[in-house]
Trainee: 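The structure follows.
We name chains A, B, ... by the order of the sequence lines, and we start the count at 1 in each one.
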Number of protein chains: 4
Amino acid sequence: MVRYKKSEEKRKQILYAAFQALTESGYDSVTLQTIADHAEVSKGVVHYYFENKEAVLVELLAWLTGKISAKEQSAVQEQHTATGKLAAYIDSAFAGPAQNRSFYRVYLDFLARASRIPVYREINQRFYDSCAAISTEVLNLGQEEGIFSRELTPDKTSPVIRAIIDGCLIQWLMTDDDDLHATFKESCYTAIMKVLSV
Amino acid sequence: MVRYKKSEEKRKQILYAAFQALTESGYDSVTLQTIADHAEVSKGVVHYYFENKEAVLVELLAWLTGKISAKEQSAVQEQHTATGKLAAYIDSAFAGPAQNRSFYRVYLDFLARASRIPVYREINQRFYDSCAAISTEVLNLGQEEGIFSRELTPDKTSPVIRAIIDGCLIQWLMTDDDDLHATFKESCYTAIMKVLSV
Amino acid sequence: MVRYKKSEEKRKQILYAAFQALTESGYDSVTLQTIADHAEVSKGVVHYYFENKEAVLVELLAWLTGKISAKEQSAVQEQHTATGKLAAYIDSAFAGPAQNRSFYRVYLDFLARASRIPVYREINQRFYDSCAAISTEVLNLGQEEGIFSRELTPDKTSPVIRAIIDGCLIQWLMTDDDDLHATFKESCYTAIMKVLSV
Amino acid sequence: MVRYKKSEEKRKQILYAAFQALTESGYDSVTLQTIADHAEVSKGVVHYYFENKEAVLVELLAWLTGKISAKEQSAVQEQHTATGKLAAYIDSAFAGPAQNRSFYRVYLDFLARASRIPVYREINQRFYDSCAAISTEVLNLGQEEGIFSRELTPDKTSPVIRAIIDGCLIQWLMTDDDDLHATFKESCYTAIMKVLSV
DNA sequence: TATGAATGAGGCTTCATTCAT
DNA sequence: AATGAATGAAGCCTCATTCAT
């Protein structure tokens with residue numbers, strides 16, 4: 001019983017509405033009504049396109065992290081030096097105050113869930129894998145260029161790089177100050193460079 | 001006086017129960033009943049000691065971060081070299097797989113809330129201030145010792161240090177692998193040392 | 001003319017689908033979607049052919065009881081002795097495990113409704129009238145043959161005959177055992193014979 | 001976690017309210033609100049005493065059939081001849097127009113469910129077992145008295161007796177005529193006597 | 001102090017029905 | 001004729017909160 005020709009576009013519309021709603025309201029207080037309101041559809045439509053509320057949220061995490069992965073990947077591909085790629089990666093991650101605020105508010109909720117619920121963890125893992133691929137590429141290239149320490153291995157270094165990026169963005173998020181965004185990006189870049197350098 | 005003490009004790013009991021419940025269940029699905037069950041008291045008691053559910057959770061964040069701050073502070077005080085203090089700080093933060101898992105599961109939920117709700121952000125800020133005090137102490141001492149870069153300022157460096165700690169612990173949490181805890185602690189220490197070193 | 005025929009056919013198709021759906025699901029949990037699925041048409045078609053869900057079900061009862069009446073009537077007409085007719089009537093009513101199970105599951109739901117809603121009761125009454133006509137025919141012939149008691153009147157006896165048939169089939173249905181179907185038919189026949197005999 | 005000191009009385013109150021609601025509304029249209037209204041409690045109370053709606057209804061069937069079994073059993077015990085016991089049994093089953101109407105409306109709904117859902121069937125089976133015990137007692141005594149056929153066995157005869165009782169009461173219910181209640185009781189008694197007699 | 005029965009608001013979900021295509 | 005997307009009413013259920021004891 002394949003009941004799924006249903007417009008992909010509308011699914012996206014609902015996912016985006018869910019993202020907006022989550023940005024404003026938080027996981028525990030977001031309701032299907034809020035999501036429907038943001039999508040400017042009736043409550044029933046959400047159920048028409050998604051099995052249930054959980055399914056919307058799971059798919060939202062997958063969609064969000066997928067988009068970010070793609071953006072980061074493509075930004076990195078455009079650069080051809082280790083530092084260029086690293087800067088592109090960080091620039092892409094620090095997309096801007098508004099975007100980072102929206103995303104990290106929601107992402108923190110998802111991480112909290114991922115720490116308890118396997119399905120969220122698996123989706124997040126795919127995101128981490130993408131991040132690791134980028135880090136590995138940067139590290140390998142930098143090592144070839146002779147600017148990054150030969151002693152570093154991708155599997156131990158990659159998580160640290162993502163840790164610094166996420167950690168810095170969380171620190172920035174808590175300042176609630178858009179003006180500091182650039183500063184934190186700078187600090188993040190510097191820190192990662194120090195971690196990688198010979 | 002006696003009553004006050006007894007009352008304080010029971011408040012703690014309820015807060016600890018809330019912590020356990022949150023560890024297991026997550027912010028959105030924790031109920032007062034769950035908390036009461038963990039505290040082995042009736043549901044009414046929770047309302048007797050706390051205005052409402054929100055009050056329990058707000059106080060829990062304050063209590064948790066307060067305890068961690070105190071532990072970290074005292075661990076650092078026992079050391080008298082920059083590296084000693086730094087190691088003590090990180091050891092204290094990486095208290096162990098079980099404790100870190102419990103805490104970070106709950107803390108991620110709180111961070112998600114803090115990103116939206118001022119009262120949580122303020123409490124978290126107090127925690128960050130305590131972390132910054134430690135970092136500043138470590139940095140200053142290291143600079144005196146000549147092992148840390150003189151160019152680093154506490155206000156820009158402290159958040160990065162905490163970013164790396166939290167970032168690494170989140171990365172570890174997502175692996176769901178107790179055995180990797182030591183590895184992540186090690187990576188965290190190494191990364192911070194590189195960030196600080198001359 | 002052609003359209004009307006085609007239309008009638010599709011109505012039957014939907015009614016039969018409703019019957020199948022009801023057999024499986026029960027009155028309270030059968031949905032128009034289930035009916036549409038069984039009929040292999042879209043949900044809209046059901047509304048195209050029937051005013052609303054209730055109309056489908058009302059018409060289903062009429063259709064089902066009509067078919068059974070016709071079958072019983074014609075089976076009885078083929079026999080020419082009182083016992084022959086009675087046996088034919090009971091054989092027809094005890095059509096077989098699969099058919100009886102399907103029908104009585106649905107019929108019990110309808111009887112429950114008929115006990116509250118006039119339109120169902122009226123349709124059921126037409127069925128009872130048909131049963132009464134058969135019983136009367138059997139009784140009259142048997143009295144002429146001298147094998148049935150002269151003291152019995154059709155209006156008091158007919159309901160008892162149907163009571164025994166329905167009662168026995170309900171008892172059998174509750175056993176959930178196909179093998180007992182024959183036994184219950186036999187018991188039913190014997191009981192009715194005793195009730196009618198001189 | 002035995003959370004059940006909860007007043008048995010209130011459970012009964014709710015069950016009785018459910019019975020009233022079902023009598024009026026039918027299985028598919030009865031709501032927890034209706035039940036709560038009949039019980040003159042809030043909707044939440046029903047959930048406080050019962051796991052869910054299904055649990056109310058399952059327990060209702062058990063309670064209703066249990067009460068009827070008890071009444072029939074005790075009525076039969078007071079008599080000491082086969083015909084006396086049989087008459088008492090039937091009198092008890094034909095308790096009166098109002099009671100029979102209420103009960104059989106609800107019971108037909110339950111039988112419809114019992115034909116599909118094991119838990120209902122099992123409860124109904126306990127009721128049938130009780131009926132069979134009575135029939136067996138009547139039959140055995142009547143055979144000793146020499147008024148009932150020695151060829152009848154309890155296991156084949158008991159279902160027929162209950163079939164005639166239920167069948168007749170359903171026939172009566174469909175007449176929607178209180179005045180015919182006595183007539184149907186009489187017919188029922190006569191029919192069973194004929195079935196049992198030598 | 002402590003209990004837990006009771007309330008009712010509000011969420012998720014189902015589904016009959018409508019309607020544009 | 002037929003489809004299936006969309007709507008929204010209504011049901012079940014959860015749970016924070018209140019309150020009598």
Side-chain angles (χ1 to χ4, degrees), chain A residues 3-7 9-11 14 28-36 39-57, chain B residues 3 6-7 10 14 28-36 39-57, chain C residues 3 6-7 10 14 28-37 39-57, chain D residues 3-7 9-11 14 28-36 39-56:
Chain A
R3 213 166 274 166
Y4 273 106
K5 274 157 289 183
K6 294 167 186 174
S7 146
E9 210 174 308
K10 183 137 285 186
R11 286 174 72 84
I14 292 168
D28 59 312
S29 50
V30 99
T31 70
L32 283 183
Q33 187 62 67
T34 325
I35 295 173
E40 292 184 315
V41 295
S42 79
K43 215 177 5 161
V45 170
V46 181
H47 273 100
Y48 190 75
Y49 285 91
F50 295 89
E51 186 86 341
N52 52 33
K53 187 188 179 184
E54 190 69 4
V56 179
L57 297 168
Chain B
R3 277 193 201 169
K6 192 178 171 196
S7 171
K10 186 141 283 189
I14 292 167
D28 58 315
S29 49
V30 98
T31 70
L32 284 186
Q33 186 63 67
T34 325
I35 295 173
E40 293 183 315
V41 297
S42 80
K43 213 173 13 154
V45 171
V46 181
H47 269 97
Y48 190 82
Y49 284 93
F50 295 89
E51 179 80 28
N52 52 31
K53 187 187 178 184
E54 190 69 4
V56 178
L57 297 168
Chain C
R3 274 190 204 171
K6 193 177 173 196
S7 170
K10 185 141 284 187
I14 291 168
D28 58 314
S29 49
V30 98
T31 71
L32 282 187
Q33 186 63 66
T34 324
I35 294 174
D37 288 349
E40 293 184 316
V41 297
S42 79
K43 214 174 12 153
V45 170
V46 180
H47 269 98
Y48 190 82
Y49 286 91
F50 295 89
E51 179 81 27
N52 53 31
K53 188 186 177 185
E54 190 70 5
V56 179
L57 296 168
Chain D
R3 212 166 275 166
Y4 272 106
K5 274 158 289 184
K6 294 166 184 173
S7 144
E9 210 175 309
K10 183 137 287 185
R11 286 173 73 85
I14 292 167
D28 58 315
S29 49
V30 100
T31 70
L32 284 184
Q33 187 62 67
T34 325
I35 294 173
E40 291 182 315
V41 296
S42 79
K43 214 177 8 159
V45 170
V46 181
H47 275 101
Y48 190 75
Y49 286 90
F50 295 89
E51 185 87 342
N52 52 32
K53 187 187 178 185
E54 190 69 4
V56 179

Trainee: Give the B/S/- string for nucleotides 14-21 of chain E, one per nucleotide from 5' to 3', where a protein heavy atom under 4.0 Å of the base yields B, of only the sugar-phosphate yields S, and otherwise -.
Mentor: BSSBB---

Trainee: What pairs with D/Asn52 under side chain to side chain donor-acceptor pair (under 3.5 Å), at least two apart in sequence or on another chain?
Mentor: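 Expected list: none.
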
Trainee: Just need the stems in DNA chain E: three or more back-to-back Watson-Crick or G-U pairs, each with both distances under 3.5 angstrom, sorted by first number.
Mentor: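 For DNA chain E the paired stretches long enough to count as stems (3 pairs minimum) are E:2-21 with F:2-21.
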
Trainee: Between F/dT3 atom P and C/Glu40 atom CD, what is the distance in whole Å?
Mentor: 11 Å

Trainee: When you check the phosphate oxygens OP1 and OP2 of E/dA6, does a side-chain N or O of D/Lys10 lie under 4.0 Å from one of them?
Mentor: yes

Trainee: Is C/Tyr49 near enough to F/dA1 that one of its side-chain N or O atoms lies under 4.0 angstrom from OP1 or OP2?
Mentor: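 Looking at the OP1 and OP2 atoms of F/dA1, neither is under 4.0 Å from any side-chain N or O of C/Tyr49.
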
Trainee: Could you state the CZ-P distance from B/Phe50 to F/dA16, rounded to the nearest angstrom?
Mentor: 15 Å

Trainee: If I take atom NZ from residue A/Lys43 and atom CD1 from residue A/Ile35, how far apart are they, to the nearest 0.5 angstrom?
Mentor: 12.0 Å

Trainee: Taking all heavy atoms of C/Glu51 and all of C/His47, pick out the closest pair and write down the distance.
Mentor: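 Taking every non-hydrogen atom into account, O-CD2, 3.8 Å.
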
Trainee: Just how far is it from atom CZ of A/Arg11 to atom CZ of A/Phe50, taken to the nearest 0.5 Å?
Mentor: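 With rounding to 0.5 Å, CZ (A/Arg11) is 4.5 Å from CZ (A/Phe50).
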
Trainee: Once side chain to side chain donor-acceptor pair (under 3.5 Å) is applied, do any residues pair with D/Ser29, and if so which ones, sequence neighbours excluded?
Mentor: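 With sequence neighbours excluded, D/Ser29 shows a side chain to side chain donor-acceptor pair (under 3.5 Å) to no residue whatsoever.
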
Trainee: Identify, with sequence neighbours excluded, every residue that meets side chain to side chain donor-acceptor pair (under 3.5 Å) alongside C/Thr31.
Mentor: C/Thr34

Trainee: I need the D/Leu32 CG to D/Ser42 OG distance, nearest 0.5 Å.
Mentor: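 Between D/Leu32 CG and D/Ser42 OG, I get 11.0 Å after rounding to 0.5 Å.
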
Trainee: Short question: side chain of A/Lys53, backbone of A/Val30 - any donor-acceptor pair under 3.5 Å?
Mentor: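 Judged by distance alone, yes, a pair lies under 3.5 Å.
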
